[in-house]
2 protein chains.
Amino acid sequence: MESSSARSGGSTRREATRQKLYEAAVTLIAEQGFSATTVDEIAERAGVAKGTVYYNFASKSVLFEELLRHGVGLLTASLKEAAEQTARAGGSKVDALDAMVRAGLVFIDRYPAFTQLYVAELWRTNRAWQSTLMVVRQEAVAVVEGVLREGVAAGEFSDEIDVQLTAAALVGMVLVAALDWKSFQPERSLDDVHAALSRLLQGRVSGRV
Amino acid sequence: MESSSARSGGSTRREATRQKLYEAAVTLIAEQGFSATTVDEIAERAGVAKGTVYYNFASKSVLFEELLRHGVGLLTASLKEAAEQTARAGGSKVDALDAMVRAGLVFIDRYPAFTQLYVAELWRTNRAWQSTLMVVRQEAVAVVEGVLREGVAAGEFSDEIDVQLTAAALVGMVLVAALDWKSFQPERSLDDVHAALSRLLQGRVSGRV
DNA sequence: CTTTTTGCACTGACTGGTCAGTGTAAAAAT
DNA sequence: ATTTTTACACTGACCAGTCAGTGCAAAAAG
């Protein structure tokens with residue numbers, strides 16, 4: 001057999017179709033929400049027939065779940081990378097946090113629709129993909145929590161901070177600021193936005209430095 | 001005019017029905033999203049007939065829009081109140097910011113479902129109530145921006161801060177931290193959460209106390 | 001070489017159910 | 001007397017998921 005090996009070693013036809021469906025689904029769902037987006041729309045935007053969607057995914061919500069997993073996987077990898085690179089370069093934990101803020105901004109800059117969709121679905125309850133979302137959220141937040149904990153252990157951060165809440169707040173800060181940036185002042189540069197958040201992160205807002 | 005029968009303070013029967021419908025709609029839509037929530041469900045949860053929904057609101061989306069306006073109105077009032085009270089008591093602008101953080105937390109503590117729903121809809125595009133949402137968002141964020149600007153003018157905050165971005169980031173910080181609190185550690189007290197955010201706000205995370 | 005078979009990826013008309021919104025007549029509340 | 005609510009049957013658009021069938025290329029058979 002070995003049928004698919006006739007084509008290029010990398011991407012099968014199926015793989016390419018799935019990718020097109022992901023891309024179509026992510027923007028439509030970000031704009032309209034999951035329930036308001038029809039499978040017909042997704043198929044049309046992807047340039048395939050409706051049947052193809054069901055040939056590649058068991059259902060509309062399975063498509064969505066795999067989309068979520070895929071996207072948050074990218075984000076988590078990017079955050080880890082940022083933290084590790086800072087560590088390798090001998091940077092402090094604040095530097096690591098700062099690098100992660102930037103990594104987050106880069107991610108959102110690249111995948112704004114995914115970010116939108118993620119935020120919109122994260123705190124919903126009673127939805128089929130709720131558990132998937134929780135797992136996947138925890139992976140991302142855990143990276144930030146890890147850096148905070150190491151910082152506390154190393155005496156760089158006050159041991160009175162609440163790691164879990166602070167991590168959530170930091171994530172929220174970046175998320176909301178970035179979505180605002182993309183929605184309302186898209187002409188601003190990433191460096192600009194990064195600088196504003198750095199200032200806030202390092203407490204250089206009050207007190208004139 | 002039929003003002004003869006109007007009670008001052010105005011709890012007509014109609015008003016009460018509307019309120020019941022708001023309350024039913026807000027939790028259902030927070031859980032499931034707008035499109036996945038049916039008018040029949042809303043009516044049932046509110047304990048009224050379906051016809052009553054349409055007697056009181058022109059359509060499902062009009063009901064939702066008025067819900068949004070109503071909710072954000074409450075939040076904005078609460079933030080303003082916090083800022084003004086601090087000013088009257090002769091507090092600094094950091095104190096005002098801190099009071100607003102607390103007001104935000106109190107609001108979210110009281111109306112978690114509304115907050116959920118608001119976050120989920122805020123960055124959507126192409127939706128009927130998009131413009132309503134923008135107006136209403138700006139009102140709330142403007143309160144924070146106002147305090148920041150006054151702080152800069154008074155020399156309390158660095159004049160290098162980006163008011164708009166910083167305001168968005170602060171709102172995001174509180175929003176996400178609070179939703180996390182409600183979703184994952186609801187047993188924590190409001191004071192606890194407030195303390196964690198205050199620390200972050202005042203840059204007392206890095207550097208020993 | 002040629003014909004036939006097999007398996008994969010995809011197609012799009014169709015089905016059965018769902019749901020926003022309507023119409024109406026009668027009851028309840030003010 | 002008027003406003004508000006109820007109960008319930010109904011409509012028509014819309015949509016997730018299905019299924020019989022198409023196109024194609026590689027292998028197997030002749």
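All figures in this text were calculated on a predicted structure; none of them were measured in a lab. Per chain, numbering begins at 1; letters A, B, ... match sequence-line order.
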Trainee: Aromatic contact between B/Tyr22 and B/Phe57, with the criterion being ring centroids under 6.0 Å apart: yes or no?
Mentor: yes
Trainee: Nearest whole angstrom, please: distance from the P of D/dA16 to the CZ of A/Phe64.
Mentor: 14 Å
Trainee: Enumerate the residues from residues 25-39 of chain B whose closest heavy atom to DNA chain D is under 4.0 Å, giving them by residue number; use none for an empty result.
Mentor: none
Trainee: Quick one: B/Phe57 CZ to C/dA20 C1', roughly how many Å, whole number?
Mentor: 16 Å
Trainee: In this structure, how many angstroms lie between the P atom of C/dT18 and the NZ atom of A/Lys60, rounded?
Mentor: 15 Å
Trainee: Could you tell me the separation between the NZ atom of B/Lys20 and the C1' atom of D/dT6, rounded to a whole number of Å?
Mentor: 12 Å
Trainee: Angle, rounded to 10°, between the helical axes spanning five pairs at each terminus of the helix from C/dC1-D/dG30 to C/dT30-D/dA1?
Mentor: 10°
Trainee: Could you tell me the separation between the OH atom of B/Tyr54 and the C1' atom of D/dT4, rounded to a whole number of Å?
Mentor: 18 Å
Trainee: Can you check whether B/Arg18 reaches B/Thr52 side chain to side chain, under 4.5 Å on heavy atoms?
Mentor: no
Trainee: Just wondering, are more than 12 heavy atoms of other shown residues or ligands nearer than 6.0 Å to NZ in B/Lys80?
Mentor: no
Trainee: Are there over 12 heavy-atom neighbours, none belonging to B/Arg110, within less than 6.0 Å of that residue's CZ?
Mentor: no
Trainee: Under the rule for side-chain contact (heavy atoms from CB on, under 4.5 Å), what residues qualify as partners of A/Thr86, not counting sequence neighbours?
Mentor: A/Asp95, A/Ala96, A/Ala99
Trainee: Compute whether any side-chain donor of one residue and acceptor of the other, for B/Gln19 and B/Glu15, lie under 3.5 angstrom apart.
Mentor: no
Trainee: For residues 145-152 of chain A, which side-chain donor-acceptor pairs fall under 3.5 Å, sequence neighbours excluded?
Mentor:
{"unit_1": "A/Glu145", "atom_1": "OE1", "unit_2": "A/Arg149", "atom_2": "NH2", "d": "3.3"}
{"unit_1": "A/Glu150", "atom_1": "OE1", "unit_2": "A/Lys93", "atom_2": "NZ", "d": "2.8"}

Trainee: Please table the atom pairs, donor to acceptor, closer than 3.5 Å between any side-chain atom in residues 63-77 of chain A and protein atoms at least two apart or in another chain.
Mentor:
{"unit_1": "A/Glu65", "atom_1": "OE1", "unit_2": "A/Thr132", "atom_2": "OG1", "d": "2.7"}
{"unit_1": "A/Thr76", "atom_1": "OG1", "unit_2": "A/Val72", "atom_2": "O", "d": "2.9"}

Trainee: Can you tell me if CD on B/Glu44 sees more than 12 non-hydrogen neighbours from other groups inside 6.0 Å?
Mentor: no
Trainee: Aromatic rings A/Phe107 and A/Tyr111: how do their planes relate, parallel, tilted or perpendicular, breaks at 30° and 60°?
Mentor: tilted
Trainee: Would you give a per-nucleotide map of nucleotides 10-15 of chain C, 5' to 3', where B means the base has a protein non-hydrogen atom under 4.0 Å away, S means only the sugar-phosphate does, and - means neither?
Mentor: BBB---
Trainee: Considering only heavy atoms from C-beta outward, does the side chain of A/Ser35 approach that of A/Arg127 to under 4.5 Å?
Mentor: yes
